[in-house]
There are 2 protein chains.
Amino acid sequence: MHYPDSLEKLIQILKKLPGIGHKSAERFAFQMITWPETILTEMGEIIKNAKKNLNFCAECGALSDFNLCSLCDPTQREIKQMCIVATVKDVFLIEKTRQYHGLYHVLGGLLSPITGCTPDFLSIISLKNRIKKLPLEEVILAIDSTLEGDATALFLKKELKELGIQTSRLALGLPMGSSLDYIDGGTLATAFTGRSTW
Amino acid sequence: MHYPDSLEKLIQILKKLPGIGHKSAERFAFQMITWPETILTEMGEIIKNAKKNLNFCAECGALSDFNLCSLCDPTQREIKQMCIVATVKDVFLIEKTRQYHGLYHVLGGLLSPITGCTPDFLSIISLKNRIKKLPLEEVILAIDSTLEGDATALFLKKELKELGIQTSRLALGLPMGSSLDYIDGGTLATAFTGRSTW
């Protein structure tokens, strides 16, 4: 007994969501067909128009409501620092901390031989041009501490060396509220090396 | 810094999916805005039309491609058994086992004081009418072994008693491939009581 056509189609398209396999997609789909028609229409419209009103800043690559990105505006931001991140979401995560007031640069991903993400897919050329043009004092790599993140950070360090700009990377250590019991040896060792006076 | 309007709307509507909170909805949304416009349009259309071509059988409540439900067709199914399930999805799950060839009846949910699902929301009246009308020998309750499932099964047992029909419920015991180590005491005790000769 097969699923009706429209249900099968729904399950297949829901599987495109990150981390959603066949079982979860089925669960979503069977829930969705119990929703009123109006909610389905609303959701469909929102998804269709999701990108219509989104602008990506031509300068930094972050999401912006208007063509002029407030994150690139020298009257609002300190232009002596630039934070390099992988995705547009990272910009929101860092902005939420209210800790950083400099510029951003969105790479658009991390180097990964498996997914075929080579340097050509990242905004490296525009990054170099911006660094040359701006009166920067520091470039901060706010990049995942993963295999791909480490590879990308190393690559950028090499690429930016010739520009003579000071680069830094986010501190490695214990996450706030964590217990030593649950921390892996690598993190613990790095936290020891990076200890601060107290 | 707030999310752009269309992104915020997307996150809010994705939170309606079962088991999806704010964090997961954000993850979905930020992934979705990297998709090509065509995929978003396709997904939007599929969701809008998800219910358009779905028919629910007026007799058993299961999903059917046509108005005449093949699961209710006496030439294709044994009409001496009826399996009572909570949702349309359960019908597919049972059909996949190829173990059962009788009729179905979809309740449309389980009794739950918390969500406000009272007997009025379930198809109890049509169930009774069908049982009276059909030459049934057995009614099988294929219902979750949860608090809500147990309450619904007990309620149905009482309701169907007056109709003088034999009712049964799915066996409780060890799931196939499971180890005693990981089974709760309640299941183990029930499996002992319900042991079969070997």
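Below, chains carry the letters A, B, ... as their sequence lines are ordered, and counting in each starts from 1. Only heavy atoms go into these numbers, but all of them, side chains included; no hydrogens, no water, no symmetry mates.
Proximity to chain B at a heavy-atom threshold of 4.5 Å picks out A/Val88, A/Lys89, A/Val91, A/Phe92, A/Glu95, A/Lys96 from residues 72-99 of chain A, in numerical order. Near-neighbour residues of residues 28-46 of chain A relative to chain B, defined by a heavy atom under 4.5 Å from a heavy atom of that chain, comprise A/Phe28, A/Phe30, A/Gln31, A/Met32, A/Ile33, A/Thr34, A/Trp35, A/Pro36, A/Glu37, A/Ile39, A/Leu40, A/Thr41, A/Glu42, A/Met43, A/Gly44, A/Glu45, A/Ile46. Contact residues of residues 6-16 of chain B toward chain A are B/Ser6, B/Leu7, B/Lys9, B/Leu10, B/Ile13, B/Leu14, B/Lys16 (heavy-atom distance under 4.5 Å).
Residues B/Leu141 and B/Leu71 fall into different hydrophobic clusters, defined by Ile, Leu, Val, Met, Phe, Trp and Tyr side chains chained together at heavy-atom separations under 4.5 Å. By the criterion of side-chain heavy atoms lying less than 4.5 angstrom apart, applied directly or through intervening Ile, Leu, Val, Met, Phe, Trp or Tyr residues, B/Tyr104 is grouped together with A/Tyr3 in one hydrophobic cluster. Hydrophobic clustering places A/Leu156 together with A/Leu103 (ILVMFWY residues linked when any side-chain heavy atoms are closer than 4.5 Å, directly or through intermediates). Cluster membership for A/Leu110 and A/Phe121, using ILVMFWY side-chain heavy atoms within less than 4.5 angstrom, is not shared. The hydrophobic cluster containing B/Leu163 also contains B/Leu107, counting ILVMFWY residues as joined when their side-chain heavy atoms lie under 4.5 angstrom apart, directly or transitively.
Residue A/Lys161 qualifies as open at atom NZ: its count of foreign heavy atoms under 6.0 Å is 12 or below. Crowding of B/Tyr100 atom OH: a count of heavy atoms from other residues, nucleotides or ligands under 6.0 Å exceeding 12. Around CG of B/Leu147, the count of heavy atoms belonging to other residues, nucleotides or ligands within 6.0 Å does not exceed 12. Atom NZ of A/Lys23 has 12 or fewer heavy atoms from other residues, nucleotides or ligands within 6.0 Å.
Chain A forms the most heavy-atom pairs under 4.5 Å with one residue out of B/Gly108, B/Ala50, B/Pro18, B/Ser24, and that residue is B/Pro18.
With sequence neighbours excluded, the residues satisfying side chain to side chain donor-acceptor pair (under 3.5 Å) with A/Thr187 are A/Asp184.
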